[in-house]
Trainee: 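Below you'll find the structure I mean.
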Protein chains: 2
Amino acid sequence: MARGHVVTGTGLDRVAALGAELVPRRELWADVSSKTARKLVRAGVETFATRGFHGTSLRDIIAGTGLSTAALYVHFRSKEELLFEISHRGYTVSVEIVDAASAMDDPVEALQVLMYAFVRWQAEHHTVARVVFYQNDALNAEHRDALLVLRRDAERKVRVLLRRGIVAGAFADGDVRGIGAALLSLGIDVARWYGPRPSGSPDELGRLYSVLALRAVGVLD
Amino acid sequence: MARGHVVTGTGLDRVAALGAELVPRRELWADVSSKTARKLVRAGVETFATRGFHGTSLRDIIAGTGLSTAALYVHFRSKEELLFEISHRGYTVSVEIVDAASAMDDPVEALQVLMYAFVRWQAEHHTVARVVFYQNDALNAEHRDALLVLRRDAERKVRVLLRRGIVAGAFADGDVRGIGAALLSLGIDVARWYGPRPSGSPDELGRLYSVLALRAVGVLD
DNA sequence: GTCTATAGGAAGATAGAC
DNA sequence: GTCTATCTTCCTATAGAC
């Protein structure tokens with residue numbers, strides 16, 4: 001590539017190292033109440049991701065778990081609540097990544113690390129992410145609203161970071177709302193297309209997207 | 001903004017004018033065989049977009065059309081075929097936009113016009129686009145494969161354009177496959193978030209994204 | 001081409017035994 | 001906490017009259 005430190009890679013190793021720290025390594029479903037509930041959550045993720053919430057029956061979910069459909073109701077109030085459990089966890093992770101990256105001093109580095117960590121997580125957990133970001137319409141109003149709060153929070157924090165970069169003279173002045181939305185959009189959409197035969201590893205994708213993020217904000221180098 | 005002709009807007013009016021010509025103005029469902037079939041297609045678009053294919057019943061579709069569920073089977077072999085009719089049209093439009101833009105001489109202008117036209121179409125027809133790009137899993141294997149051919153075609157043509165820009169010395173050398181995917185990803189995802197209360201008009205969004213496309217390829221200016 | 005009526009099956013959720 | 005059995009509702013698709 002041609003343009004300065006943005007793409008020569010020296011900085012990218014550092015971004016990848018810092019970003020990798022922000023990607024939660026703890027078992028994703030550690031907070032789920034019981035072992036059986038976790039089994040159902042994992043089965044729900046797989047089936048919801050491939051057939052969608054409405055395309056998935058209880059019998060699809062329990063297939064392979066050795067459980068009955070009735071067992072689900074011991075651990076969740078409904079099929080919809082199982083979906084919410086999954087979605088809420090995903091949104092929480094996203095907000096945590098945005099928070100941790102935003103806490104960094106240098107806005108340039110913060111933006112790169114944010115994008116790297118988010119995209120890497122989306123790629124590594126693309127099955128989970130597909131459910132988290134593409135099945136919101138199947139939730140009831142209360143649950144949908146709860147996630148909307150988290151989403152708005154993440155969006156706002158990205159805009160704050162962008163403004164910080166502009167004030168610091170690191171990013172070009174511009175449409176903060178539009179560019180912020182585009183950056184998150186880019187990251188979320190990874191879950192849609194990143195499939196079983198991906199064109200690059202989560203790390204490689206994170207590196208590329210961290211560069212694209214800098215270019216999008218018109219980093220002045 | 002700060003960096004040269006890319007963002008100062010002089011060129012953007014020209015991009016918008018050229019791009020607007022590529023956005024099909026013909027009635028989207030003009031090719032659908034009969035008036036009643038068109039009515040069903042339109043109803044299908046609305047319901048599939050809000051509740052998804054599997055979340056939509058035949059009774060949801062026909063509600064408000066004055067037709068019965070049986071009427072649908074006169075015009076389509078199944079609910080799935082109705083979805084395919086919609087999806088196929090959307091993919092066709094996308095390929096047409098990519099084709100028309102790719103035919104332009106200057107790769108910089110071609111890329112901008114491509115992004116402008118595609119994003120503007122996605123925003124203007126976000127209801128249709130939601131169905132086209134987010135319900136493919138509900139199609140049968142044969143229909144899914146037919147769309148995959150069109151999708152691959154569009155992806156390949158975008159990569160050809162990117163390489164043309166690199167060879168011409170207009171774009172920075174780089175990860176053509178990854179950046180091409182990211183550009184399409186950015187455009188497609190508009191359909192997911194562009195809702196009833198959008199933050200900008202389709203034209204404004206197209207302009208912004210045409211600038212982001214240039215930045216993504218590292219236009220050397 | 002449209003309707004009413006319905007077949008035939010699968011859906012989400014619950015009852016009650018263990 | 002888990003099961004089997006089942007309730008009730010809703011689903012896609014078809015039959016047959018007009």
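Residue numbers start from 1 in every chain, and the chains themselves are labelled A, B, ... in the order their sequence lines are given, proteins ahead of strands.
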Trainee: Can you check whether A213(B)'s main-chain N or O pairs, donor with acceptor, with Q112(B)'s side chain at less than 3.5 Å?
Mentor: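 Such a contact is absent between Q112(B) side chain and A213(B) backbone.
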Trainee: To the nearest 0.5 Å, what is the distance between CG on L83(A) and NE2 on H54(A)?
Mentor: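 Answer for the CG-NE2 pair, L83(A) versus H54(A), is 9.0 Å.
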Trainee: Under 4.0 Å between a side-chain N or O of S68(B) and OP1 or OP2 of dT2(C)?
Mentor: no
Trainee: So which nucleotide from dT2(D), dC11(D), dT2(C) ends up closest to the side chain of S57(B)?
Mentor: dC11(D)
Trainee: Starting at atom NE2 of H54(B), determine the distance to atom P of dT12(D), rounded to an integer number of angstrom.
Mentor: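 After rounding, the reported distance stands at 10 Å.
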Trainee: F76(B) has an atom CZ; how far is it from atom C1' of dT12(D), in whole Å?
Mentor: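 After rounding, the reported distance stands at 16 Å.
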Trainee: Ignoring hydrogens and angles, tell me if any N or O in the side chain of R130(B) forms a donor-acceptor pair with the backbone of A191(B) under 3.5 Å.
Mentor: yes
Trainee: Roughly, in whole Å, what's the span from CD1 in I62(A) to P in dG12(C)?
Mentor: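 My rounded result for the distance is 11 Å.
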Trainee: Rounded to the nearest angstrom, tell me the gap between atom CG in L82(A) and atom C1' in dG12(C).
Mentor: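 In whole Å, dG12(C) C1' and L82(A) CG are 13 Å from each other.
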Trainee: Tell me every residue that passes salt bridge (Lys or Arg N to Asp or Glu O under 4.0 Å) with E109(A), counting only those two or more places apart in sequence or in another chain.
Mentor: R14(A)
Trainee: Enumerate the residue pairs fulfilling side-chain hydrogen bond (donor to acceptor under 3.5 Å, both in side chains) with a member in residues 148-161 of chain B, sequence neighbours excluded, ordered by first and then second residue.
Mentor: D99(B)-K157(B), R151(B)-E155(B), D153(B)-R156(B), D153(B)-K157(B)
Trainee: Just the rounded figure in Å: distance from C1' of dT12(D) to CG of N140(B).
Mentor: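 Rounded to whole Å, this separation is 15 Å.
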Trainee: Select base, sugar-phosphate, or nothing to describe what T65(A) touches, counting heavy atoms under 4.0 Å on all strands.
Mentor: nothing
Trainee: What string of B, S and - do you get for nucleotides 13-18 of chain D, 5' to 3', when a contact is any protein heavy atom under 4.0 Å?
Mentor: BBB---
Trainee: Let me have the donor-acceptor pairs involving side chains of residues 68-76 of chain B, under 3.5 Å, with sequence neighbours excluded, atom names and distances please.
Mentor:
from, atom 1, to, atom 2, distance (Å)
S68(B), OG, A70(B), N, 3.4
S68(B), OG, A71(B), N, 3.4
H75(B), ND1, S34(B), OG, 3.4

Trainee: Counting the atoms with a prime plus P, OP1 and OP2 as sugar-phosphate, which does G66(A) contact under 4.0 Å by heavy atoms, base, sugar-phosphate, or nothing?
Mentor: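 Sugar-phosphate contact only - G66(A) comes under 4.0 Å of backbone atoms but never of a base.
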Trainee: May I ask you to list the residues of residues 31-52 of chain A, by number, that have any heavy atom positioned under 4.0 Å from an atom of DNA chain D?
Mentor: T36(A)
Trainee: Starting from the C-alpha separation in whole Å, work towards a yes-or-no answer on side chain to side chain contact (heavy atoms under 4.5 Å, CB included) for V45(B) and W29(B).
Mentor: CA-CA 11 Å; V45(B) 166; W29(B) 312 115; 3.8 Å; yes
Trainee: Is there any ring pair (Phe, Tyr, Trp, His ring centres under 6.0 Å) pair reaching into residues 178-205 of chain A, and which pairs are they, with sequence neighbours excluded?
Mentor: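 Non-adjacent pairs meeting ring pair (Phe, Tyr, Trp, His ring centres under 6.0 Å): H126(A)-Y194(A).
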Trainee: For Y209(B) together with F118(B), are the ring centres under 6.0 Å from each other?
Mentor: no
